[in-house]
Amino acid sequence: MIIITHPACTEYREPGHPERPERIIDSVKYLKQVGSSNLNLSWQEPGEVDESLITRVHSYGHLARMSTGREFDPDTPAYPDIDVHAKRAVAAAITGLGKVLDGQQVFVLMRPPGHHATAGQAMGFCYLNQVAIATLEAQSRGVKRVAVLDFDVHHGNGTEAILRGKPDILFVSIHQHPCYPGTGLESFDNCQNYPVAPRTPALGHMKMIQTAINQIEEWNPDLLIVSAGFDAYQGDMIADMLLEPEDFKQIGQMVKSLAVPHLDVLEGGYSNQLPELIHQYLRGVAA
């Protein structure tokens, strides 16, 4: 299994912000210590990304604003060089896509996350939507049917808005509701949402995830792209769900059971246990 990451993604921070560099620093350290012995991990840095892939999804105005230093919202600061960091995260997803299409397993371990970013708006810690960009790029490379599974505790509103109505794409999200960003209560077109009430017992939450996985299986995709968020963990600071580490291993096993090529991209997950949660998920998909 290939882990795609880059040390430069840890170079920006804001004191007290939950989307912090330690998410990557600690996860890399943990996976090199623990995961290398049972997952046969290899490590790679992202390549370059052509800006035309980004502008297939995002407006030129959005890209221009990212470089101005103007704050988007209190959750999504205008860090110095945030446009460079966000483009590097996109490059990691595109590099990972190429590896997956060549038959390899990939987990993209980068920041910032992306699934809240819409075509023209950065929000919710997210600046560019790497999963949406990778989805459309997969189709441009000849993949017919692409499914996106988002199990982050927050609804992937940006991914949904970008992919809604596009042929041969299925977006499926399981998320806490009510919760930020307040969307994802209903399903429509090619977007299927599975809202879960706060503090739902883990068994009920996992049954909802299995239902979503079953829907993807029935749709029969040629490729699956996963927005892998780990903030439904019971110890996470910014949500109210009750999953345990072993549940993330089971989610990985569910993904593996679909028996289609899949690309995993880190989204949320803000507890100190994030490295263990990623490890459990990777154990599941590598089983």
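Worth knowing before you read on, the calculation uses all heavy atoms, side chains too, and leaves out hydrogens, waters and symmetry mates. Keep in mind that this is a model prediction, so the values were computed, not measured.
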Do [X] and [Y] touch side chain to side chain, with heavy atoms closer than 4.5 Å?
X	Y	answer
His115	Asp150	yes
Leu163	Leu136	yes
Val146	Val143	yes
Ile251	Leu243	yes
Tyr127	Asp83	no
Asp152	Pro113	no

- Query: What residue pairs, at least two apart or across chains, pass salt bridge (charged side-chain N to carboxylate O under 4.0 Å, His left out) with a residue in residues 182-206?
  - Reply: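 Applying salt bridge (charged side-chain N to carboxylate O under 4.0 Å, His left out) to every pair that reaches into residues 182-206, excluding sequence neighbours, yields Arg164-Asp189.
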
- Message: With salt bridge (charged side-chain N to carboxylate O under 4.0 Å, His left out) as the rule and sequence neighbours excluded, what pairs involving residues 85-99 come up?
- Response: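 Every pair satisfying salt bridge (charged side-chain N to carboxylate O under 4.0 Å, His left out) with a residue in residues 85-99: Glu51-Lys87.
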
- Can the ring centroids of Tyr270 and Phe125 be said to lie less than 6.0 angstrom from one another? yes

- ring pair (Phe, Tyr, Trp, His ring centres under 6.0 Å) against His62, all qualifying residues, sequence neighbours excluded: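 If we apply the ring pair (Phe, Tyr, Trp, His ring centres under 6.0 Å) test to His62, skipping adjacent residues, the hits are His58.
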
How long is the straight-line distance from [atom2] of [Y] back to [atom1] of [X], given to the nearest 0.5 Å?
X	Y	atom1	atom2	value
Lys249	Gln280	NZ	CD	6.5 Å
Leu149	Ile216	CG	CD1	4.5 Å
Glu267	Met110	CD	CE	12.5 Å

- Item | Contacts of type side-chain hydrogen bond (donor to acceptor under 3.5 Å, both in side chains), residue Thr135, not counting sequence neighbours |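 Residues passing side-chain hydrogen bond (donor to acceptor under 3.5 Å, both in side chains) with Thr135: none at all.
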
- Query: What pairs of residues pass the ring pair (Phe, Tyr, Trp, His ring centres under 6.0 Å) test when at least one of them lies in residues 133-153, not counting sequence neighbours?
  - Reply: Phe151-Phe230, Phe151-Tyr281

Pairs of donor and acceptor atoms involving the side chains of residues 202-212, under 3.5 Å and at least two apart or interchain, shall be tabulated with distances.
from   : atom 1 : to     : atom 2 : distance (Å)
Gln210 : NE2    : Asn214 : OD1    : 3.0
Thr211 : OG1    : Lys207 : O      : 3.0

- Which atom names give the shortest non-hydrogen contact between Ala91 and Gly47, and what distance separates them?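 Heavy-atom minimum between the residues: CB-O, 3.2 Å.
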
- Task: Taking Thr68 for its side chain and Arg65 for its backbone only, find out whether a donor-acceptor pair lies under 3.5 Å.
- Result: yes

- Donor-acceptor contact below 3.5 Å, side chain Thr118 vs main chain Gly158: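 Not confirmed, Thr118 side chain does not pair with Gly158 backbone.
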
Mind checking what makes salt bridge (charged side-chain N to carboxylate O under 4.0 Å, His left out) contact with [X], not counting sequence neighbours?
X	answer
Glu11	none
Arg56	Glu137
Asp168	Lys144, Arg145
Glu276	none

Check residues 169-182 and write down every donor-acceptor pair under 3.5 Å in which the side-chain atom is one partner and the other belongs to a residue at least two apart or another chain.
from   : atom 1 : to     : atom 2 : distance (Å)
Ser173 : OG     : His175 : ND1    : 2.8
His175 : NE2    : Gly184 : O      : 2.7
Gln176 : OE1    : Asp240 : N      : 2.8
Gln176 : NE2    : Pro178 : O      : 3.3
Gln176 : NE2    : Asp240 : OD2    : 3.3
Tyr180 : OH     : Gly124 : N      : 3.1

- Do Glu244 and Tyr233 meet the criterion of a side-chain donor-acceptor pair at a distance under 3.5 Å?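 Not at all, the side chains of Glu244 and Tyr233 share no donor-acceptor pair under 3.5 Å.
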
- Please assess Leu224 against Val226 for the test side chain to side chain contact (heavy atoms under 4.5 Å, CB included), listing each intermediate value before the final yes or no. CA-CA 6 Å; Leu224 176 68; Val226 182; 3.8 Å; yes

- Query: Taking the six-membered ring of Tyr12, is the NZ or CZ of Arg111 close enough (under 6.0 Å from the centre) and on axis enough (within 45°)?
  - Reply: yes

Give the table of side-chain donor-acceptor pairs shorter than 3.5 Å for residues 253-263, with sequence neighbours excluded, one pair per line with atom names and distance.
from   : atom 1 : to     : atom 2 : distance (Å)
Ser257 : OG     : Met254 : O      : 2.5
His262 : NE2    : Asp264 : OD2    : 3.2

- Derivation of the salt bridge (charged side-chain N to carboxylate O under 4.0 Å, His left out) call for Glu22 and Arg13: CA-CA 10 Å; Glu22 288 75 17; Arg13 70 164 64 236; 2.8 Å; yes

